[in-house]
*Asks:* 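Before I ask anything, let me first share the structure, which is written out below as structure tokens.
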Amino acid sequence: MLRYLLYTIIALASLSLQAQSGRVLVVNKGSHSVSVVNPASLQELAVIPVGKGPHELTVSDDGKSAYVANYGVPAYGNTISVVDVQAGKELKKIDLGALYRPHCIVYKNNKLYFTIEANRAVARYNLASSKLDWIAGTGQDGAHMLVVTPDEKRLFVANRVSNTVTVVETGDAQPGAILQIPTGKGPEGIDISPNGKEVWAGNTRDGSIDIIDVAGGKVVQNIAVGKSPIRIRFTPDGSRVIVSDNAAKEVVIMDAATKAIIKRLSAKDAPMGITITADGKTAFIAHGDADYISLLDMQKLTFSGVVKVGQNPDGMVWIP
């Protein structure tokens, strides 16, 4: 009887851990799919075929639907895959027509904001009306990653070729108005602080990060970080910033307030995409060249496990 109770307690504890841990969705650029990962068991639970060369994805607020930007390879992609997360299948592809190379994609209030690299532009798809309802040119090359301000009135777009971050107004006052902010060389990874006051842009060709004041619309600080800070992610509480330096094969943890480097973690394989649990206790890092994601314990600041996924994983999202 005691042994049975012990086994029951262990089983319930395991189920509780898995229930709390949620799932990670990972796009596999090389195998044209999305992996569903259980971080508690360190297992790939499902593989969902999507469009060619998916690079980034986003999820609805309820976590039931995922939207995947199909960048395309070798031909230019022009679709967004709609995925039923619970059923584990692609429902349909949204045809973007003459808009090519969708890359970064962000869900906000039943709308999808995304970059269109080949068109040097950003666009919005309204899920309620099933229509593209807004598009704005950036006039810059390499419109790759973007962030949306908490009030949804502006976008910040990292242009990795033109060495700029473009600010695009999305509100009713001046929709489409733009401001070009000069940055370091090759800005790509970008994130906005949870309070909406700062945007951090990683310059992949000079190893620095530019801190942009959102209200003032200008770079207020440039920080030397490493070799190629390709992805940046704030923790949910805004206290720390995680940086993937793929050229140095390092994950850099920074203090968001002081801008100081807290720790450099050597990675066996080059890090790329980043996502973090809602409680900020675990981060997930994609290692594209080695086809796996690693778990990073944000309290101990050590790697705590790996999960094998598809070919060339990159963009990820956490679903509680």
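Heads up: numbering here begins at 1 and tracks the sequence.
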*Asks:* Got more than 12 heavy atoms from elsewhere within 6.0 Å of NZ, Lys227?
*Replies:*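 Open.
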*Asks:* Out of curiosity, does Leu42 fall in the hydrophobic cluster containing Val37 (side-chain heavy atoms, cut-off under 4.5 Å, transitive links)?
*Replies:*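 Yes, Val37 and Leu42 fall within the same hydrophobic cluster.
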*Asks:* Using atom types as modelled, flag every donor-acceptor pair under 3.5 Å from a side chain in residues 49-58 to any protein atom, sequence neighbours excluded.
*Replies:*
unit_1	atom_1	unit_2	atom_2	d
His55	ND1	His103	NE2	3.2
Thr58	OG1	Tyr107	N	3.1

*Asks:* For residues 179-204, which residue pairs pass the ring-ring contact (aromatic ring centres under 6.0 Å, His included) check, not counting sequence neighbours?
*Replies:*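 Found Trp200-Phe234.
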*Asks:* Just verifying a value: how many Å separate Asn110 CG and Leu112 CG, rounded to the nearest 0.5 Å?
*Replies:*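 If we round to the nearest 0.5 Å, Asn110:CG and Leu112:CG are 8.0 Å apart.
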*Asks:* Could you check whether atom CZ of Phe303 has more than 12 heavy atoms from other residues, nucleotides or ligands sitting under 6.0 Å from it?
*Replies:*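 Enclosed.
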*Asks:* Quick one: list whatever passes side chain to side chain donor-acceptor pair (under 3.5 Å) with Arg120, sequence neighbours left out.
*Replies:*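 Only Asp141 meet the side chain to side chain donor-acceptor pair (under 3.5 Å) criterion with Arg120.
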*Asks:* Find out if a path of hydrophobic residues (ILVMFWY) with successive side-chain heavy-atom gaps under 4.5 Å connects Leu296 to Phe284.
*Replies:*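 In one cluster with Leu296: Phe284, no.
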*Asks:* Counting neighbours of NZ on Lys153 that are heavy atoms of other residues, nucleotides or ligands and sit closer than 6.0 Å, is the number greater than 12?
*Replies:*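 Incorrect, the count does not exceed 12.
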*Asks:* Mind listing the closest non-hydrogen atom pair of Thr302 and Lys263 along with its distance?
*Replies:*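 Heavy atoms only, the tightest pair is CG2-NZ, 4.4 Å.
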*Asks:* According to a hydrophobic-cluster definition based on side-chain heavy atoms being under 4.5 Å apart (Ile, Leu, Val, Met, Phe, Trp, Tyr only), do Val148 and Ile178 belong together?
*Replies:*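 They do share one cluster, since a chain of ILVMFWY contacts under 4.5 Å joins Val148 to Ile178.
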*Asks:* Leu99 and Asn78: which non-hydrogen atoms are nearest, and at how many Å?
*Replies:*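 Shortest heavy-atom separation between Leu99 and Asn78 comes out as O-CB, 3.1 Å.
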*Asks:* Not counting sequence neighbours, which residues clear ring pair (Phe, Tyr, Trp, His ring centres under 6.0 Å) with Tyr292? List them please.
*Replies:*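 Checked Tyr292 against ring pair (Phe, Tyr, Trp, His ring centres under 6.0 Å); matches are His287.
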*Asks:* Taking all non-hydrogen atoms of both residues, which atom of Asp291 and which atom of Pro313 are closest, and how far apart?
*Replies:*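 Shortest heavy-atom contact: CA-CD, 3.7 Å.
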*Asks:* Going by the rule salt bridge (Lys or Arg N to Asp or Glu O under 4.0 Å), which residues pair with Glu188 if we only count those two or more places apart in sequence or in a different chain?
*Replies:*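 If we apply the salt bridge (Lys or Arg N to Asp or Glu O under 4.0 Å) test to Glu188, skipping adjacent residues, the hits are Arg231.
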*Asks:* Which donor-acceptor pairs under 3.5 Å do the side chains of residues 212-219 make with protein atoms, sequence neighbours left out?
*Replies:*
unit_1	atom_1	unit_2	atom_2	d
Asp213	OD2	Gly216	N	2.6

*Asks:* Quick check on the hydrophobic clustering: are Ile105 and Tyr113 connected, directly or via other members, by side-chain heavy-atom contacts under 4.5 Å?
*Replies:*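 No, Ile105 and Tyr113 fall in different hydrophobic clusters.
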*Asks:* So, taking the atom named CG in Asn126 and the one named CH2 in Trp134, what distance separates them when rounded to the nearest 0.5 Å?
*Replies:*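 So the CG of Asn126 and the CH2 of Trp134 are separated by 13.0 Å.
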*Asks:* Do you know which two heavy atoms are closest between Pro271 and Ile230, and how far apart they sit?
*Replies:*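 Scanning both residues completely, I find the closest heavy atoms to be O-CG2, 4.1 Å.
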*Asks:* Any ion pair linking Asp133 and Arg124 (charged N to carboxylate O, less than 4.0 Å)?
*Replies:*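 Here Arg124 pairs with Asp133 in a salt bridge, since their nearest N and O are under 4.0 Å apart.
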